[in-house]
Amino acid sequence: MSILGNKLIEMFELMFNHQGPLNWWPGEDTFEIMIGAILTQNTAWKNVEKAITQMKEKKILSPEAILTIDEEELSQVIRPSGYHRIKAKRLKDFVKFIFEKYGANLIKMKTRPLYALRDELLSIKGIGAETADSILLYALEKPIFVVDAYTKRILYRHKIISSSKDDYEDIQKLFMENLETDVALFNEFHAQIVNIGKNYCKREPKCELCPLKDFNLKR
DNA sequence: CTCCTGACTG
DNA sequence: CAGTCCGGAG
């Protein structure tokens, strides 16, 4: 294990021991996780839950329903998630891809190699690196590390990276080249980071209360 | 860089 | 009442 790998594990354990297992999307429906990953783009998860609840009530939380429903109507149903017009289009573009490439068979989709699938997802308008990786890790259980704004901020503040705007793929490599390739670890690690981000590592950080307050910082 | 959007927080 | 939210496109 590399020096950096040990540091990352230390960071993970500090977070995990304070916050406990976060159980992100355990046993949740694969398709629902994919939809959630798109709806949560720059949006608080609480608002995404409302949108998903409404989709269930209207019985449109399926590839078939999203493909056929009127885009305007879809945008109204997902309205609580914000950016509802553009996200309605993104959902439709996404399910079109699902149908064209995999006949909406998510089991079949899962058999495809990780990076082939990643390239396909990135070719869809509205699916960027973070959304693609969230779908790959949390819905399809592929071993890839999800990087987000919190990840960059936390690594920067704890001096693991020297600039707060390092490249997405570089930061992803930093985790993947120094940790065991483990879906469960990647899943929990990112979840822990997000929780630290929204509870402590905000723009105005609450360092005194943070589980990472003594991590890699000279006092 | 700006726009996209509603809901919630401090 | 401004800032922010599990970003991405133009």
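Every chain is numbered from 1 and lettered A, B, ... according to where its sequence line falls, protein lines coming before strand lines.
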Open item on the list: With side chain to side chain contact (heavy atoms under 4.5 Å, CB included) as the test, pick out the partner of P143(A) among L179(A), V183(A), L136(A).
Closed with: V183(A)

- [ ] In whole angstrom, give me the gap between the C1' atoms of dC5(C) and dC4(B).
- [x] 14 Å

- [ ] Not counting sequence neighbours, list each pair that qualifies as a salt bridge (Lys or Arg N to Asp or Glu O under 4.0 Å) and has a residue in residues 168-183 of chain A.
- [x] R118(A)-E169(A)

Would you list the atom pairs, donor with acceptor, under 3.5 Å between side chains in residues 80-88 of chain A and any protein atom, with sequence neighbours excluded?
residue : atom : partner : partner atom : Å
S81(A)  : OG   : I78(A)  : O            : 2.9
Y83(A)  : OH   : N42(A)  : ND2          : 2.9
K87(A)  : NZ   : L39(A)  : O            : 2.5
K87(A)  : NZ   : Q41(A)  : O            : 3.3
K87(A)  : NZ   : T43(A)  : OG1          : 2.7
K87(A)  : NZ   : S81(A)  : O            : 3.2

Task: Contacting residues from residues 71-83 of chain A, given that a heavy atom lies under 4.0 angstrom of DNA chain B - done: R79(A), P80(A), G82(A), Y83(A)

Open item on the list: E28(A): which residues meet the salt bridge (charged side-chain N to carboxylate O under 4.0 Å, His left out) condition with it, sequence neighbours left out?
Closed with: none

Open item on the list: In whole Å, I'd like the distance from the NE2 atom of H84(A) to the C1' atom of dC3(B).
Closed with: 14 Å

Task: Residue list, salt bridge (charged side-chain N to carboxylate O under 4.0 Å, His left out) with E141(A), at least two apart or on another chain - done: K110(A)

Task: Interatomic distance at P, dT5(B) relative to dC1(C), whole Å - done: 24 Å

TODO: Nearest whole angstrom, please: distance from the P of dC5(C) to the CG of N199(A).
DONE: 12 Å

Open item on the list: Between R112(A) and E120(A), does any side-chain N to carboxylate O distance fall below 4.0 Å?
Closed with: yes

Task: Atom pair distance, as rounded to whole Å: CH2 in W45(A) and P in dG7(C) - done: 11 Å

Dump the pairs, protein N or O against N or O of nucleotides 8-10 of chain B, anything under 3.5 Å, distances to one decimal.
residue : atom : partner : partner atom : Å
dC8(B)  : OP1  : K50(A)  : NZ           : 2.5

- [ ] Could you name each residue pair satisfying salt bridge (Lys or Arg N to Asp or Glu O under 4.0 Å) that touches residues 3-24 of chain A, not counting sequence neighbours?
- [x] none

- [ ] Kindly say if K87(A) contacts the phosphate of dT5(B), meaning a side-chain N or O under 4.0 Å from OP1 or OP2.
- [x] no

Task: Results of salt bridge (charged side-chain N to carboxylate O under 4.0 Å, His left out) for K96(A) - residues two or more places apart only - done: D93(A)

Task: Between P of dC4(B) and NZ of K89(A), the distance in whole Å - done: 16 Å

- [ ] Calculate the interatomic distance between D93(A) atom CG and dG8(C) atom C1'; express it in whole Å.
- [x] 13 Å

Task: C1' gap between dA9(C) and dA7(B), integer Å - done: 23 Å

Task: K92(A), NZ: over 12 other non-hydrogen atoms inside 6.0 angstrom - done: yes

- [ ] Using ring pair (Phe, Tyr, Trp, His ring centres under 6.0 Å) as the criterion, list what pairs up with F189(A), not counting sequence neighbours.
- [x] F12(A), F145(A), F175(A)

Open item on the list: Quick check, does Y138(A) stack with dC6(C)? I mean ring centres under 5.5 Å and planes off by under 30°.
Closed with: no

- [ ] Name every residue in residues 121-137 of chain A that has at least one heavy atom under 4.0 Å from any atom of DNA chain C, in order of residue number, or write none if there are no such residues.
- [x] I124(A), K125(A), G126(A), I127(A), G128(A), A129(A), E130(A), T131(A)

Task: Contacts of type ring pair (Phe, Tyr, Trp, His ring centres under 6.0 Å), residue H158(A), not counting sequence neighbours - done: F215(A)

TODO: Not counting sequence neighbours, which residues clear salt bridge (charged side-chain N to carboxylate O under 4.0 Å, His left out) with K50(A)? List them please.
DONE: none

- [ ] Whole angstrom is fine here: how far is it from CG in D148(A) over to P in dC5(C)?
- [x] 10 Å

TODO: Starting from P on dG7(C), measure out to OH on Y168(A) and report it in whole angstrom.
DONE: 11 Å

- [ ] Could you state the atom-to-atom distance from CG of N42(A) to P of dA7(B) in whole Å?
- [x] 15 Å

